[in-house]
There are 2 protein chains.
Amino acid sequence: MTQEEKQTEQIIMDAARKVFQQSGLGGARMQQIADEAGINKALLHYYFRNKKKLFEAVFKEDFNRYMIPLSGILLRETGLTVEERIVTFVQSFIRTLNQHPHLPLFVMHEIASNPNRMLGLVKGGDVFSQVGETGKPEDSESKVFVWQIQEGIDEGRYHSVNPEQFVISIIGMCVYPFVARPIIKFWLKKEDDQFKDFMEDRQREVIDYAFRILIKDYQPYADNHR
Amino acid sequence: MTQEEKQTEQIIMDAARKVFQQSGLGGARMQQIADEAGINKALLHYYFRNKKKLFEAVFKEDFNRYMIPLSGILLRETGLTVEERIVTFVQSFIRTLNQHPHLPLFVMHEIASNPNRMLGLVKGGDVFSQVGETGKPEDSESKVFVWQIQEGIDEGRYHSVNPEQFVISIIGMCVYPFVARPIIKFWLKKEDDQFKDFMEDRQREVIDYAFRILIKDYQPYADNHR
DNA sequence: GTCTATAGGAAGATAGAC
DNA sequence: GTCTATCTTCCTATAGAC
C-alpha cells in the first residue's frame with residue numbers, strides 16, 4: 001500500500017466516521033461522505049467496495065483504537081491496584097471522549113442494531129474474549145478487576161458492593177454524559193466549550209464518588225479544604 | 001376520532017416504535033413497519049401522511065409518556081425530600097426501562113442526530129421548560145433538586161458534591177446499563193431474563209451508592225447483615 | 001378505511017474515459 | 001487513482017378501485 005493510498009483511505013474514513021456518527025449506518029448517504037471527503041462517490045467504492053464494508057472499517061477502527069484500550073485499563077490484567085485502575089480509567093476515559101464526544105453513542109447504537117455482527121467484528125483484539133487459564137477457570141481475563149474488588153471486600157477494606165454492579169456504575173458515570181450530551185447541554189444551558197470544562201471537572205468528581213462508594217474509611221482531600 | 005381509528009393508529013404506532021427503535025429513522029423501512037403491523041404500506045400514509053411525521057408521533061409519545069414523568073420525579077417541584085426523590089426515581093426508572101429496554105438508546109440517538117428538532121418536539125410538556133417565577137429567577141423549575149442538594153450541603157448533612165454532577169451520576173448509573181445492554185449481556189454472559197434480574201437487583205445497589213456518595217453518616221442496612 | 005398497482009425519485013453500485 | 005455518466009435497485013408516496 002503506497003503512501004498516497006493510505007492518505008486517501010484515511011481521508012475517506014475520517015469523512016465516513018463523521019457522517020456515520022451523525023446518521024448511523026442506515027441513515028448515512030454515500031454522497032454525503034464523498035462530499036465531506038471532497039472526492040467522488042465512485043472513489044468510495046474503489047477503496048471500500050460498498051457501504052457496509054466502509055462502515056465496518058470505521059467501526060472496527062474506532063472500537064479497537066479507543067474502546068478496547070480504555071476498557072483494558074479497567075478490566076485487563078495489568079498489575080494495577082483497584083484504586084489505580086479507577087483513577088487512570090476515569091481520567092483516560094473522560095479525556096478521550098472529550099476529544100471524540102460522539103463515539104459512545106455511535107458504538108452503542110450500532111452494536112444494539114446488530115449485536116452479533118458488531119461484536120463479532122471486534123473479536124480477537126477483544127477485551128471480553130476468553131483467554132488462557134488464570135487459575136480461575138470458567139471465567140475470562142476480563143474479570144480480574146471483579147476479583148480484585150471481591151478480595152478487598154473479603155479483607156474488610158471495601159464496602160460490600162456487588163463488584164459487577166460497581167464496575168458498570170463507574171463506566172456509566174463516565175459514559176452517560178456523552179451519550180446524553182445534547183440533553184445535558186440543553187438542561188444546563190452549556191455550549192460545547194462549557195460542556196468540555198464540565199467534563200474536565202467531572203473526572204475528580206467521579207473518582208471521588210467511586211472511592212466513597214467503595215472504600216471504607218475514605219476521606220477525600222476536598223472535604224477538609226472546601 | 002372513532003374507536004376503530006384509534007385502534008389502527010395505535011397498532012401502527014406500536015409497529016413503528018419497534019422498527020424505529022431497531023433501525024432508527026433513516027434505517028427504518030415503511031414496508032417493514034407495515035408488515036409488523038399486519039397492514040398495508042398505503043395505510044401508513046393514510047394515517048400519518050409520511051415517514052417523518054410517523055416517526056415524530058412515536059418519538060413524542062415515548063418521550064412524553066416515559067422520559068418526562070421519570071425526569072419529573074427527580075427534577076420537578078413535588079414536595080419530596082432528596083432521599084425520597086432518589087429512591088423513587090431509581091426504582092421507577094429501572095422498572096420502567098426493564099419494560100422498555102430499547103427506549104433510552106432510541107431517544108438519545110435521535111436527539112443526537114437532530115437536537116433542535118427533537119428537543120423542539122417535546123417542548124411544552126417539557127421538564128426543562130422555563131416556568132413561572134419560583135423566587136429564584138434566571139433559573140428553571142428543573143433545578144429544584146439541585147437547590148435541595150445545595151441546601152443539605154450548606155447545612156452540613158451532605159458531602160460537598162457538585163449537585164449537577166451528582167444528578168447526572170444517578171441518572172447515568174440507571175441509564176447506562178440499558179444503553180450498553182448488548183455489551184453487558186455479552187460480558188456477563190447473561191440472557192434477557194438474567195439481565196432483567198440483574199437490573200432488579202441494581203435498584204438497591206444504585207440507591208445505596210447514591211446515598212453513600214451524598215449522605216455524611218450513611219449506614220446502609222445491609223452493612224450489618226451481609 | 002383498506003387494498004393493489006404504480007409513479008417518481010433517491011441512493012448504491014458499476015462502466016469506462018482520462 | 002480519479003473522474004463523469006449511467007444502470008439498477010429499492011423505497012417513499014400517491015392514484016384509484018373496492
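Residue numbers start from 1 in every chain, and the chains themselves are labelled A, B, ... in the order their sequence lines are given, proteins ahead of strands. Keep in mind the model is a prediction, meaning the values are calculated, not measured.
- For the pair T8(A) and dT2(D), the criterion of a side-chain N or O lying under 4.0 Å from OP1 or OP2 is met.
- Using a 4.0 Å heavy-atom cutoff across all strands shown, N50(B) reaches sugar-phosphate atoms only and no base atom.
- Checked against side chain to side chain contact (heavy atoms under 4.5 Å, CB included), N50(A) has the following partners two or more places apart in sequence or in another chain: K52(A), K53(A).
- Counting only N and O atoms by type, the side chains of N114(A) and E110(A) include no donor and acceptor under 3.5 Å apart.
- Put simply, CD on Q32(B) is 10 Å from P on dC11(D), counting in whole angstrom units.
- As a whole-Å value, the separation of Y46(B) OH from dA15(D) C1' is 15 Å.
- At a threshold of 4.0 angstrom between heavy atoms, the contacts of A34(B) with the nucleic acid are absent.
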**OP:** Go through the steps to decide whether D192(A) and K185(A) satisfy the test salt bridge (Lys or Arg N to Asp or Glu O under 4.0 Å), and finish with yes or no.
**Re:** CA-CA 8 Å; D192(A) 284 348; K185(A) 279 174 61 184; 2.6 Å; yes
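- Checked against E200(A) for a side-chain hydrogen bond (donor to acceptor under 3.5 Å, both in side chains), the options Q203(A), K196(A), R204(A) give a single hit: Q203(A).
- Counting to the nearest Å, the P atom of dC11(D) and the CG atom of L25(B) are 15 Å from each other.
- For Y47(A), counting side-chain heavy atoms from C-beta on, the closest listed nucleotide (dC3(C), dC11(D), dG1(D)) is dG1(D).
- Nearest nucleotide to the side chain of K51(A), out of dT2(D), dC3(C), dG12(C): dG12(C).
- Remark: P of dT2(D) and CD1 of I12(A) are 8 Å apart, rounded to the nearest angstrom.
- Note: CG (L44(B)) to P (dT4(C)) measures 13 Å, nearest angstrom.
- The nearest whole Å value for the distance from the CG atom in N40(B) to the P atom in dT6(C) is 14 Å.
- Ranking dT14(C), dT14(D), dT12(D) by closeness to the R49(A) side chain, first place goes to dT14(C).
- Remark: side-chain polar atoms of R76(A) are not paired, donor with acceptor, to backbone N or O of S71(A) under 3.5 angstrom.
- Residue A42(B) places its side chain closer to dT14(D) than to any other of dT4(D), dT14(D), dG1(C).
- Atom CG in L43(A) sits about 16 Å away from atom P in dG12(C), given to the nearest Å.
- Positionally, the nearest nucleotide of DNA chain C for G38(B) lies more toward the 5' end than for the other of G38(B) and K41(A).
- Atoms CD (Q31(A)) and C1' (dG12(C)) sit 11 Å apart, rounded to a whole Å.
- Within the 4.0 Å cut-off from OP1 or OP2 of dA10(C), not a single side-chain nitrogen or oxygen of R29(A) is found.
- OP1 or OP2 of dT14(D) has not a single side-chain nitrogen or oxygen of H45(B) nearer than 4.0 Å.
- Considering only side-chain atoms of I39(B), the nucleotide from dC3(D), dT2(D), dC3(C) that sits closest is dC3(C).
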